[in-house]
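The block underneath contains the structure these notes are about, expressed in structure tokens.
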Amino acid sequence: MKKRIANILALPQTGEQLQIAGWVRTRRDASGFSFIEVGDGSCLANIQVIADQTLANYGEEVKKLSAGCSVLVTGILQDSPAKGQAVELRATEVQVLGWADPESYPLQKKHHSFEFLRNISHLRPRTNALGAVARVRSRLSYGVHTFFQERGFVQVHTPIITTSDCEGAGEMFQVTTPSAASGAEAGGEFFGRPAGLTVSGQLQAEVYAQALGNVYTFGPTFRAENSNTSRHLAEFWMVEPEMAFCDLQGNMQVAEEMLKYLLRLVLAECGEDLALFDRFIAKGLLAKLQQVVDHDFAHITYTQAVEQLLQSGQTFTYPVQWGIDLQSEHERYLTETVYQRPLIVTDYPAAIKPFYMRVSDDGRTVAAMDILVPGIGEIIGGSQREERYDVLLARMQEAGIEPSGYEWYLDLRRYGSVPHSGFGLGFERLVQFVTGMANIREVIPFPRTPGFAPC
RNA sequence: UCCCCGGUAGCUCAGCUGGUAGAGCAGGUGACUGUUAAUCACCCUGUCGGCGGUUCGAAUCCGUCCCGGGGAGCCA
């Protein structure tokens, strides 16, 4: 019976006859038989196969197996007499499904730089670290859905192609057809007006929040920024809940609960993979994650943040002054040095935030919140939305946005407007935080960055 | 886009102040071995990122372009 290695190792039943299918990691020969380590991606661990010379294809095939070959192994699970593994599979048949020429197969049984692996993105999930990232990412993704579904949120598939720019969220990729672009098509635009790939599902999520209450969207997002950093991608995934009848306090509460829920989840269910990261990628990772789960997030207002930075005695490249946007160095200092845990900064100056954020009673700040985490910086950005028609309209005009393109958005304030809030979580930044991977390009299967999209 | 650093064998890298290349791993062959980053011996591997310049001579110095990494900006 064909079984996955994760299931075999979770509940080993020696004496059982079973079959595994996977890829050879290494082969070591002893006198009269070979050890073959086979992994199938179901977990980090491989299973050791004992292939005896009595196998019909031992000399012809088994002895020629090398890293990357795919095999179907039938055998009997038995206790292992040697250290390193509790059980091993004594093969009665080793069927080679696909060869991998050792002269040209790029993956070796040694450390490879992530930079090198990135250039073979079609093969890199076969490595321990990238395979572990893929499993953790998948578990987190599923966890996002269970977190919201358990709380009665409705998932909304917001559009990927959009004609409304979520102002302030970055440059949009244009979407058109070859004939439209060349002007051959009547009207010049496939959609009748300029369209692009979404930079945020927020505005459309607001529509459904004001019909269904609590909703979330979780999908791909695109930014045509020429930014080349370890924290930015041109295509990434974003989690965006939007909640009607919810103020900034409730918003922050959901965000903190969600992050802790997801960390608890992977700590409980991805222990083996996280242990790998803790050992080889980011020492102390497990303790750091546990510490986040066990403590409340720190809360300060933007104004307090500015005061603390001014009083810190630190010299910053960018001088601190009320009204400036906090720079990376400022955010890092606060979350990594002062608080050493996730930090929520609220109530930013209205002048540096987008038009849709709710203006506070002081008239100069908005009900915004950023969650900063050590090592990554901003992982969540959110706000209470401006629900007052007049104020929203004024803010749009201040920002130089033509209201005619946003009539549908203004309608939400004309008809049964309610206080509501939401936030955006950069999913890859979450995966980065959880795995400790230094570069965001390693936590998405096929990273897209300026000048890079190989397949 | 800006600043800094880098591009040498399939991979990871060394190569000091200029004298036309090395190691480990991988690969091949053989030996040995309940092995597990196996071990030992032998063998193979290079337009030193591209182009131009200085020089008797350039991997090394200069210019320029391309690519990558780190940081910044922008943000998630």
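Everything numeric in this text was worked out from a predicted model, so none of it was measured. Lettering of chains follows the sequences in order, A, B, ..., and the numbering in each one begins at 1.
- To the nearest 0.5 Å, atom CZ of residue A:Arg385 and atom OG of residue A:Ser421 are 7.0 Å apart.
- Within the 4.0 angstrom heavy-atom criterion, no nucleotide atom of any strand lies near A:Gln432.
- For B:rC25 and B:rG70, the P atoms lie 29 Å apart once the distance is rounded to whole Å.
- Taking only side-chain nitrogens and oxygens, A:Arg25 never comes nearer than 4.0 Å to OP1 or OP2 of B:rA37.
- Both A:Gln327 and A:Pro102 sit near RNA chain B, but only A:Pro102 has its closest nucleotide nearer the 5' end.
- Residue A:Phe236 places its side chain closer to B:rA76 than to any other of B:rA76, B:rU12, B:rG69.
- Between the base of B:rA76 and the side chain of A:Arg231 there is no donor-acceptor pair shorter than 3.5 Å.
- The A:His112 side chain lies nearest to B:rC11 when the options are B:rC11, B:rG70, B:rG34.
- Distances from the side chain of A:Leu233 to the nucleotides B:rU35, B:rA76, B:rU33 place B:rA76 closest.
- Of the listed nucleotides (B:rG73, B:rU35, B:rG69), B:rG69 has the atom at the smallest distance from the side chain of A:Asn439.
- Candidate nucleotides B:rA76, B:rG34, B:rU1 were compared by shortest atom distance to the side chain of A:Ile50, and B:rG34 ranks first.
- Closest to the side chain of A:Arg429, out of B:rC75, B:rG69, B:rG34, is B:rC75.
- The side chain of A:Ser113 places an N or O atom within less than 4.0 Å of a non-bridging phosphate oxygen (OP1 or OP2) of B:rU12.
- Candidate nucleotides B:rG34, B:rC75, B:rU1 were compared by shortest atom distance to the side chain of A:Asn226, and B:rU1 ranks first.
- We find that the ring of A:Phe33 and the base of B:rG34 do not stack by the test of centres under 5.5 angstrom and planes tilted less than 30°.
- Residue A:Ser34 has no polar side-chain atom (N or O) positioned under 4.0 Å from OP1 or OP2 of B:rU35.
- For A:Phe427 and A:Phe218, the distance between ring centers is under 6.0 angstrom.
- Toward the 5′ end of RNA chain B lies the nearest nucleotide of A:Ser66, the other residue of the pair A:Ser66 and A:Asp325 mapping further downstream.
- Where RNA chain B pairs in unbroken runs of 3 or more (Watson-Crick or G-U, both distances under 3.5 Å), the stems are B:1-7 with B:66-72, B:10-13 with B:22-25, B:27-31 with B:39-43, B:49-53 with B:61-65.
- For the pair A:Gln108 CD and B:rA9 P, the computed distance is 13 Å after rounding to whole Å.
- For A:Arg118, the side-chain atoms get nearest to B:rG69 when compared with the rest of B:rG34, B:rG69, B:rU12.
- At whole-Å resolution of the value, CZ in A:Arg27 and P in B:rG34 are 16 Å apart.
- Residues A:Gln202 and A:Tyr356 form a side-chain contact, since some pair of their non-hydrogen atoms from C-beta on lies under 4.5 Å apart.
- Here B:rU33 is the nucleotide among B:rA72, B:rG27, B:rU33 with the atom lying nearest to any side-chain atom of A:Asp29.
- Rounded to whole Å, atom C1' of B:rC74 lies 17 Å from atom CD1 of A:Ile376.
- Contact check, A:Arg332 against B:rG71: no side-chain N or O comes under 4.0 Å of OP1 or OP2.
- Of the candidate nucleotides B:rC74, B:rU33, B:rG69, B:rU33 has the atom lying nearest to any side-chain atom of A:Ser31.
- Using a 4.5 Å heavy-atom cutoff, the side chains of A:Pro106 and A:Ile120 are in contact.
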